[in-house]
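Just so we're clear, the structure is a prediction, and the values are computed from it rather than from any experiment.
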Amino acid sequence: MKAVAFVPARSGSVRVPDKNVRVLGEHPLIAYTISAALDSGVFDEVVVSTDSETYADIARHYGATVPGLRPQDIASSTSPDIEWVVLTLEQLAEQGREYDCFSILRPTSPFRQADTIRRAFAAFTSHQGLDSLRAVEVCKQHPGKMWVVRGETMTPLMPLSPEEQPWHSTQFAALPTVYVQNASLEIAWVRCALEQKTIAGNVIAPFFTSDMEGFDINDPRDWTEAEHLVAENPAALPNVNKSPYTS
């Protein structure tokens, strides 16, 4: 079975400008995801999907390939993942590189280790009948305590709680466990993308991340926290066996 890792890195981040290549520790953020993917030994190729030639140059420095730049019309903040996934699979196939499954590893989860990826891939390949596997963690804010406001009143987001003890009036510890996906990884069969036009399919297994594996950088506060984590424990980041990138 042939597997490819996809690292999406568009250049148009607004909340943290150029976050995918902003330096964390000694290297651009994307370097840690590329290095973890390569060191995992799971993938035949690690591919970066980007709309920026500068990002592509950085990706190649750290050992990834870039089969072609992503067109601007599928590189916006609202562009669905399936568009660039299908495009990249087609670009690779045109170049004689076809795969059975793919994994999406987002650069914004820099504390995901090579062992994290190996564990996830072992879980994915051990299940029969799966379309995909996706990283999840326990919700910190329970949806049972969330509301939708309509006019001057509001209703619970989740109408599943028992009438005698509504979830919005229940202690957190007594609520049913609910998981939320994080950005650290997902793995799926190529057929899902090419035939069903979906990156997940219908039968999805959970991969439970722990500690900082699912940490995701979305805004300046997240970046500050990541810098603090690295300062306190540099080994929390995957090892990068390359010299720091210089333009």
Less than 4.5 Å apart, any side-chain heavy atom of Met158 and any of His168? no

May I ask you to test the Val203-His127 pair for a side-chain heavy-atom distance under 4.5 Å? no

For residues Pro162 and Trp167, report the shortest heavy-atom separation together with the two atoms involved. CD-NE1, 3.7 Å

Are any of the side-chain heavy atoms of Arg106 and Asp81 separated by less than 4.5 Å? yes

Measuring from atom NE2 of His228 to atom CG of Asn233, what distance do you get when rounded to the nearest 0.5 angstrom? 10.5 Å

Using the side chain to side chain donor-acceptor pair (under 3.5 Å) criterion, which residues pair with Arg10? Sequence neighbours excluded. none

Should we count CD of Gln165 as having more than 12 external heavy atoms under 6.0 Å? yes

Of all heavy-atom pairs between Ala64 and Val48, which one has the smallest distance, and what is that distance? CB-CG2, 3.7 Å

More than 12 heavy atoms of other residues, nucleotides or ligands under 6.0 Å from CG of Asp57: is that the case? yes

Evaluate Ser49 against Arg70 for side chain to side chain contact (heavy atoms under 4.5 Å, CB included), listing each step before the verdict. CA-CA 6 Å; Ser49 171; Arg70 193 193 305 186; 3.0 Å; yes

Transitive ILVMFWY side-chain link Ile104 to Val7, under 4.5 Å: no

For Leu92 and Glu45: C-alpha separation, side-chain torsions, deciding distance, then whether side chain to side chain contact (heavy atoms under 4.5 Å, CB included) applies. CA-CA 10 Å; Leu92 292 171; Glu45 186 174 6; 4.1 Å; yes

Scanning both residues in full, the closest heavy-atom pair of Pro107 with Pro8 reads CD-O, 3.1 Å

Let me check something: do Leu29 and Val46 share a hydrophobic cluster, defined by ILVMFWY side-chain heavy atoms less than 4.5 Å apart, either directly or through other members? yes

Report yes or no: does Glu98 contribute a side-chain atom to a donor-acceptor pair with the main-chain N or O of Leu89 at less than 3.5 Å? no

Hey, can you tell me if Phe121 and Phe43 have their rings parallel, tilted or perpendicular (30° and 60° cut-offs)? perpendicular

Any side-chain to backbone donor/acceptor pair from Ser35 onto Tyr32? Under 3.5 Å, distance only. no

Path from Val240 to Val23 over hydrophobic side-chain contacts below 4.5 Å: no

Do Glu186 and Ser132 pass the side chain to side chain contact (heavy atoms under 4.5 Å, CB included) test, and can you show the C-alpha distance, the side-chain angles, and the key distance before you say yes or no? CA-CA 7 Å; Glu186 47 205 287; Ser132 68; over 6 Å; no

Taking all heavy atoms of Ser109 and all of Gly214, pick out the closest pair and write down the distance. OG-O, 4.4 Å

Side chain to side chain contact (heavy atoms under 4.5 Å, CB included), paired with Pro110, selected from Asp216, Ile30, Ile217, Thr33: Ile217

Is there a donor-acceptor pair under 3.5 Å between the side chain of Asp44 and the backbone N or O of Val4? no

Under 4.5 Å between side-chain heavy atoms, hopping through other hydrophobics if needed: is there a path connecting Ile204 to Leu133? no

Common cluster, Leu175/Leu157, ILVMFWY with side-chain heavy-atom separation under 4.5 Å: yes

With a 4.5 Å heavy-atom cut-off, do Leu185 and Thr116 have their side chains touching? yes

Mind checking whether Val190 and Asp100 have side chains closer than 4.5 Å, heavy atoms only? no

Not counting sequence neighbours, list each pair that qualifies as a salt bridge (Lys or Arg N to Asp or Glu O under 4.0 Å) and has a residue in residues 137-153. Glu137-Lys140

Look at the side chain of Asp51 and the backbone N and O of Ser11, then say whether any donor-acceptor pair between them is shorter than 3.5 Å. yes

Please round to the nearest 0.5 Å and tell me the distance separating atom CH2 of Trp147 and atom CE of Met154. 4.5 Å

Per the ring-ring contact (aromatic ring centres under 6.0 Å, His included) rule, what does the pair list look like for residues 88-108, sequence neighbours excluded? Phe6-Phe102

Measure the spacing between OG of Ser40 and CG of Leu105 and express it to the nearest 0.5 Å. 8.0 Å

Non-hydrogen atoms of Cys101 and Met1 that approach each other most closely: SG-SD, 4.2 Å

Under 4.5 Å between any side-chain heavy atoms of Val138 and Phe208, yes or no? no

Contacts of type side chain to side chain donor-acceptor pair (under 3.5 Å), residue Thr209, not counting sequence neighbours: Asn182

Filter on ring-ring contact (aromatic ring centres under 6.0 Å, His included), then keep only pairs touching residues 48-83, sequence neighbours left out; what's left? His27-Tyr62, His61-Tyr245

Between His142 and Pro176, is there a donor-acceptor pair closer than 3.5 Å when you use the side chain of the first and the backbone of the second? yes

Name all residues meeting the side chain to side chain donor-acceptor pair (under 3.5 Å) criterion together with Thr198; count only those two or more places apart in sequence or in a different chain, and write none if there are none. none

Tell me, please, which residues at least two apart from Glu90 pass side chain to side chain donor-acceptor pair (under 3.5 Å). none

Taking Trp189 for its side chain and Leu130 for its backbone only, find out whether a donor-acceptor pair lies under 3.5 Å. yes

Please name the pair of heavy atoms, one in Pro206 and one in Val136, separated by the smallest distance, quoted to 0.1 Å. CB-CG2, 3.9 Å

Can you measure from OH (Tyr179) to SG (Cys139) and round to the nearest 0.5 angstrom? 10.0 Å

Got a donor-acceptor contact below 3.5 angstrom from the Glu213 side chain to the Ser210 backbone? yes

Asn202: which residues meet the side-chain contact (heavy atoms from CB on, under 4.5 Å) condition with it, sequence neighbours left out? Asp131, Gln196

Can you list every pair that meets salt bridge (Lys or Arg N to Asp or Glu O under 4.0 Å) and has a residue in residues 161-176, with sequence neighbours left out? none

Taking only residues two or more places apart in sequence, or in another chain, which ones meet Arg221 in a salt bridge (Lys or Arg N to Asp or Glu O under 4.0 Å)? none

What's the verdict on side chain to side chain contact (heavy atoms under 4.5 Å, CB included) for Phe124 and Ser103, showing C-alpha distance, side-chain angles and the deciding distance? CA-CA 11 Å; Phe124 176 71; Ser103 178; over 6 Å; no

Measuring from atom CZ of Phe215 to atom OG1 of Thr108, what distance do you get when rounded to the nearest 0.5 angstrom? 10.0 Å

To the nearest 0.5 Å, what is the distance between CZ on Arg134 and CD1 on Ile199? 5.0 Å

Non-neighbouring partners of Ala56 that pass side-chain contact (heavy atoms from CB on, under 4.5 Å), sequence neighbours left out: Thr50, Glu53, Arg60, Val66, Leu69

Selection residues 18-28 - residue pairs positive for salt bridge (Lys or Arg N to Asp or Glu O under 4.0 Å), sequence neighbours left out: none

Are Ser13 and Asn20 packed together at the side-chain level, in the sense that at least one heavy-atom pair is separated by less than 4.5 angstrom? no

